[in-house]
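The sequence lines fix the lettering, A, B, ..., with proteins before strands; numbering per chain opens at 1. What you are looking at is a predicted structure, and each value in this text was computed from that prediction instead of being measured.
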Amino acid sequence: MLGEAFSDRVLAWFDRHGRRDLPWEQPATPYRVWVSEIMLQQTQVVTVVPYFERFMARFPNIAALAAASIDEILEYWTGLGYYARAHNLHWTARLVRDRYDGEFPQDIEAVRELPGIGRSTAGAILALACDQRHAILDGNVKRVLARHRAIEGWPGTTPVSNRLWRIAEELVPAQRVADYTQAMMDLGALICTHRDPHCLACPLQGDCKARQSGRQHELPAARPRKRSAVRNTMMVMIRTPSGDVLLQRRPPTGVWGGLLSFPEVRNEQECIAWCEGLLGVAPFNIIRWPVVRHTFTHFHLDITPLQVSVECRVSRVGDDAQYVWYNRNTPRGGLSAPVKQLIERLYAQEGATDGPHGTVRQTG
DNA sequence: AATGCGGGGGT
DNA sequence: ACCCCAGCATT
C-alpha cells in the first residue's frame, strides 16, 4: 500500500468507504453541485441535507432559481446563515440565464468569475460534476494535506495556503477526478477529523508525516484567536391584536443582508418616537425582555427585545417593501435566527399579557 | 463561553 | 499580499 500512488490509495479507500448517498451526488449536475457547494461552505453536511432537498424541490434548475424572488430564496435559506451566499446564488443564476443561455459554464475561468464562486468552489463544481482535472482546497482537504505533509502554520496565511494549493494540484490524478475529489472531502470528514483522527483506518497512514511524528492533533495550526467585541441593539417587536408583527427589510449587504428583521432603536424613548413617526400612533404595553446574546464570528450582539402593542395594523406600512406586517400564517421572506426565535416566543405567549420570566413591565 | 463547520471579495 | 466580511449548531 505504501508504494502505491497517493491518489490510488485515496480512490481504493473511496471505493470501499466513500459516501455515495449524498443528495447532490445523484445526479451530480453542475447546478446541484454548485448549490450544494455554496451551502456547504460554512455549514456541515448533516445541516445542509434537509436544506438542499427543500431547495431542490422548489428550485429544481437554474431557470427556476433565476426566476424566483430574492425574498423566496432567503426564505428557503433562513437558518443557514451567511445570507450573502443566497444573494450570490440568485445573482449567478440570472447571470447564467442571461449570459450563458441557461447552461452552467464549464470553463474554469468563466466559473470563477461568477459571484460567490472562488478558486476552490469552481474547482469542486467542475471536478465533481464534469470530471475536469482541478484541485479543491476546502477545510477537509487542507487538514488532510497539512497533516500528510506536516505543513506548519495556519492555512489562513498566504504562504501556507499557497503551499497547500500547490500540493493539492500536484496530487489530482488524471483519471477519476470526481471520485478523487469526493474521496478527499470524505477522508477529511470521516477519517482525518479535526479532533480525533482515525489514523488506523486511513489509507494514507503509511507516509503521513504528522502521524509519523505523532503530531496529528497539532496540525494544521489553529487560527489565532482574538477577543470578540460586543455590540448592543434594541429590537422593537410591534404587534397588533390580530397577531401581525412589524418587520423591516435590512439593507442587501452587511449583517443579515436582505432579511426581514425588527426595527432597531437605542432606547424606549426612541422607540416611542419611532412608532409615532412611522405609524402615527403611540405604542402601549411596553415590555422589555431579557437580553438575547447572538454570537457572530467576530463579535457578540446583545439584543434587548422591546415588546410593544399598537391598536391596529397601519395600512400605510403594509404595501411598502421596506416594512412588512408579518404573520406566521403567511410567512414570507428570510428571517435571521434570533428574529425567528423571538417571533416564536412572541406567539408562544399569545394571549398572555406578561413577558417572559424576569421582565420589567411598564405601561406607556 | 468556546469552538467547529470555511471561503469569497475588495483594496 | 493583506485585510475585511459574516451565522448557526454543538459542547
Check your understanding: Would you say the side-chain atoms of A:R32 pair up with the backbone N or O of A:P27, donor to acceptor, closer than 3.5 Å?
Key -> yes
Exercise for review: Give the rounded distance in Å between these two atoms: CG of A:L190 and C1' of B:dC5.
Suggested key: 14 Å
Exercise for review: Name the residue closer to the 5' end of DNA chain B, choosing between A:T121 and A:Q44 according to the nucleotide with the nearest heavy atom.
Suggested key: A:Q44
Review point. Is A:R328 salt-bridged to A:E344, cutoff N-O under 4.0 Å?
Key: no
Point to revise | Between A:S261 and A:Q248, a side-chain donor and acceptor under 3.5 Å | key: no
Practice item. Rounded to the nearest angstrom, tell me the gap between atom CE in A:M184 and atom C1' in B:dG6. Key: 16 Å
**Study point:** Paired stretches of DNA chain B - 3 or more consecutive Watson-Crick or G-U pairs, each distance under 3.5 Å
**Key:** B:1-5 with C:7-11, B:7-11 with C:1-5
Review point. A:N140 and A:R143: side-chain donor and acceptor closer than 3.5 Å?
Key: yes
Check your understanding: Is the A:F55 to A:F52 ring centre distance short of 6.0 Å?
Key -> no
**Study point:** Pair A:T297, A:Y82: side-chain N/O donor-acceptor within cut-off below 3.5 Å
**Key:** yes
Practice item. Assess A:R176 against A:F14: is NZ or CZ under 6.0 Å from the centre of the six-membered ring, and within 45 degrees of the ring's axis? Key: no
Nucleotide N/O to protein N/O under 3.5 Å, stretch nucleotides 7-9 of chain C:
residue : atom : partner : partner atom : Å
C:dG7   : OP1  : A:Y82   : N            : 2.3
C:dG7   : OP1  : A:Y83   : N            : 2.8
C:dG7   : OP2  : A:W256  : N            : 2.6
C:dG7   : O4'  : A:Y82   : N            : 3.4
C:dG7   : N7   : A:T297  : N            : 3.4
C:dG7   : N7   : A:T297  : OG1          : 2.9
C:dG7   : O6   : A:T297  : OG1          : 3.2
C:dG7   : N2   : A:Q42   : O            : 2.8
C:dC8   : OP1  : A:Y83   : OH           : 2.4
C:dC8   : OP1  : A:A337  : N            : 3.1
C:dC8   : OP2  : A:H294  : NE2          : 2.8

Check your understanding: Who passes ring pair (Phe, Tyr, Trp, His ring centres under 6.0 Å) against A:F6, sequence neighbours left out?
Key -> A:H148
Exercise for review: Answer yes or no: does a side-chain N or O of A:R143 lie under 4.0 Å from OP1 or OP2 of B:dC5?
Suggested key: yes
Check your understanding: B:dC5 C1' sits how many Å from A:N140 CG, rounded?
Key -> 9 Å
Point to revise | Earlier contact from the 5' end, DNA chain C, for A:R231 and A:N162 | key: A:N162
Check your understanding: Tell me: CD1 of A:I136 to C1' of B:dC5, nearest whole Å?
Key -> 15 Å
Check your understanding: Expressed in whole Å, how much space separates the C1' atoms belonging to B:dG6 and C:dC5?
Key -> 13 Å
Practice item. Could you tell me the separation between the CD atom of A:Q41 and the C1' atom of B:dC5, rounded to a whole number of Å? Key: 12 Å
Exercise for review: Could you state the atom-to-atom distance from CH2 of A:W91 to P of B:dG8 in whole Å?
Suggested key: 15 Å
Exercise for review: Tell me what A:R293 touches on the nucleic acid: a base, only sugar-phosphate, or nothing, going by heavy atoms under 4.0 Å.
Suggested key: sugar-phosphate
Check your understanding: Rounded to whole angstroms, how far apart are CZ on A:R223 and P on B:dG6?
Key -> 13 Å
Review point. Atom CD of A:E37 to atom P of B:dG8: distance rounded to whole Å?
Key: 10 Å
Exercise for review: Please determine, by modelled atom types, if A:S69 and A:D71 share a side-chain donor-acceptor pair under 3.5 angstrom.
Suggested key: no
